[in-house]
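Reading through the structure tokens given below for one structure.
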Number of protein chains: 2
Amino acid sequence: MNDRTQRSEEIGELEVWCAGEEWCPVTTTSSLIGKKWHPVIIHRLLDHGPSGFNELQTAVDGISSKVLSDSLEDLEEKSLVDREVISDKPVRVRYSLTDHGRSLQPVIYAMRDWGLEHLADPSETDSPRE
Amino acid sequence: MNDRTQRSEEIGELEVWCAGEEWCPVTTTSSLIGKKWHPVIIHRLLDHGPSGFNELQTAVDGISSKVLSDSLEDLEEKSLVDREVISDKPVRVRYSLTDHGRSLQPVIYAMRDWGLEHLADPSETDSPRE
DNA sequence: CTGAATCCTAAAGGATACTG
DNA sequence: CAGTATCCTTTAGGATTCAG
């Protein structure tokens, strides 16, 4: 195992290597957004624009506050999401995509389009939801 | 090929819903290829064509045989990868993408392109991000 | 060479309750 | 509102060994 590949993004540098000494953009991208909820969160921020915490939780649907909080923190560390406190009393926070995060749009939309084209909505094909 | 119906039965249990009753293609796509090694494996199969097990393990680099085996099995169950035994003595197996798997090319390439553009190879620059 | 079988640890994800 | 704090279960991933 090449130990340079070991979660070095936490150290700040993103070193993901593949065969030989070749650096792999797919692996690296995957390590950034390859968490369960990351693509969805980014998708919602792309479509809905800046959102508050609960607003986002509703939009993602099914995610617990703890996981959403953890995910957002992770995305923030990766400079993909920006967190802004816009009011102290009551506390009000706004999450938005950074330019870096917004640049992921083609990736997220590629996933969306592929899903639409190749993964039929079960409610529209044959098997209705139980 | 009219495998849409058949495939939706295979993935029919894959009910990923988002806000309200809305089905979410991003979430669903993410649940298919959102594993650590899946995008890389698919990428290698796209670029190298049908490959043997060790060939693939070398191409992915850093993956253990167990994880590669598990990943391939998972991809097979999802009808993205095809496994073919092409020789019995000695055992020789060939993994390739199904049509369904190959259709993911735009997604994988979007990830690759984004990585190339927004995540510089650390060996070539010190500031991959803004 | 093809992997499968074990065993193990760390991390992710989730349920629930609570707080300023 | 926007989270924390616990506690818990599940899963991913890896090391090693074994076998056809």
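Note on naming: letters A, B, ... go to the chains in the order of the sequence lines (proteins, then strands), and numbering restarts at 1 for each one.
Following rounding to the nearest Å, Phe53(B) (CZ) and dA4(C) (P) show an atom-to-atom distance of 7 Å. Remark: C1' of dC1(D) and CD of Gln57(A) are 11 Å apart, rounded to the nearest angstrom. dT10(D) atom C1' lies 11 Å from atom NZ of Lys35(B), rounded to whole Å. In this structure, CG of Asp70(B) is placed 9 Å from P of dA12(D), rounded to the nearest angstrom. Atom C1' of nucleotide dC1(D) and atom CG of Leu72(A) are separated by 14 Å, given to the nearest angstrom. A straight line from CG of Leu75(B) to P of dG3(C) spans 14 Å, rounded to a whole angstrom. Here the P atom of nucleotide dA2(D) and the CD1 atom of Ile63(A) are 15 Å apart, to the nearest Å. Remark: C1' of dG13(D) and CD of Glu73(B) are 15 Å apart, rounded to the nearest angstrom.
Base contact: Val67(B) has a heavy atom under 4.0 Å from a base atom. Here Arg94(B) lies out of heavy-atom contact (under 4.0 Å) with every strand.
Distance CD/Gln105(A) to CG/Leu45(A): 12.0 Å, rounded to 0.5 Å. Between atom CG of residue Leu75(B) and atom CG of residue Leu80(B) there is a gap of 6.0 Å, rounded to the nearest 0.5 Å.
Taking only side-chain atoms of Trp37(A), from C-beta outward, the nucleotide of dG14(C), dT2(C), dG13(D) with the closest atom is dG14(C).
Between dT2(C) and Arg83(B), no contact under 4.0 Å exists linking OP1 or OP2 to a side-chain N or O. Taking side-chain N and O atoms only, Lys36(A) has a distance below 4.0 Å to OP1 or OP2 of dG14(C). OP1 or OP2 of dG3(D) has not a single side-chain nitrogen or oxygen of Asn54(A) nearer than 4.0 Å. Between dT4(D) and Ser69(A), a contact under 4.0 Å exists linking OP1 or OP2 to a side-chain N or O. Phosphate proximity of dG3(C) to Tyr95(B): present, with a side-chain N or O under 4.0 Å from OP1 or OP2. For dC1(C), the OP1/OP2 oxygens have no side-chain nitrogen or oxygen of Arg92(B) closer than 4.0 Å.
Thr29(A) places no side-chain N or O within 3.5 Å of a backbone atom of Thr27(A) that could act as its donor or acceptor partner.
Between Asp47(A) and Arg44(A) no salt bridge is recorded (no basic side-chain N to carboxylate O distance below 4.0 Å).
Under the rule for a side chain to side chain contact (heavy atoms under 4.5 Å, CB included), the partners of Ser69(B) that lie at least two apart in sequence or sit in another chain are Phe53(B).
In this pair, His43(A) and Tyr109(A) present their aromatic rings perpendicular. The plane angle is above 60°, beyond the 30 to 60° band.
The residue among Glu55(B) and Lys66(B) whose nearest nucleotide of DNA chain C lies closer to the 5′ end is Glu55(B).
A donor-acceptor contact under 3.5 angstrom links the side-chain atoms of Ser65(A) to the base of dT4(D).
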Working for side chain to side chain contact (heavy atoms under 4.5 Å, CB included), residues Leu119(A) and Leu32(B): CA-CA 10 Å; Leu119(A) 304 170; Leu32(B) 274 183; 3.6 Å; yes
What do the steps show when you test Asp74(B) against Trp37(B) for side chain to side chain contact (heavy atoms under 4.5 Å, CB included), and what is the final call? CA-CA 11 Å; Asp74(B) 186 51; Trp37(B) 296 104; over 6 Å; no
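Direction change of the helix axis from one end of the helix from dC1(C)-dG20(D) to dG20(C)-dC1(D) to the other is 50°, with five pairs defining each end axis (rounded to 10°).
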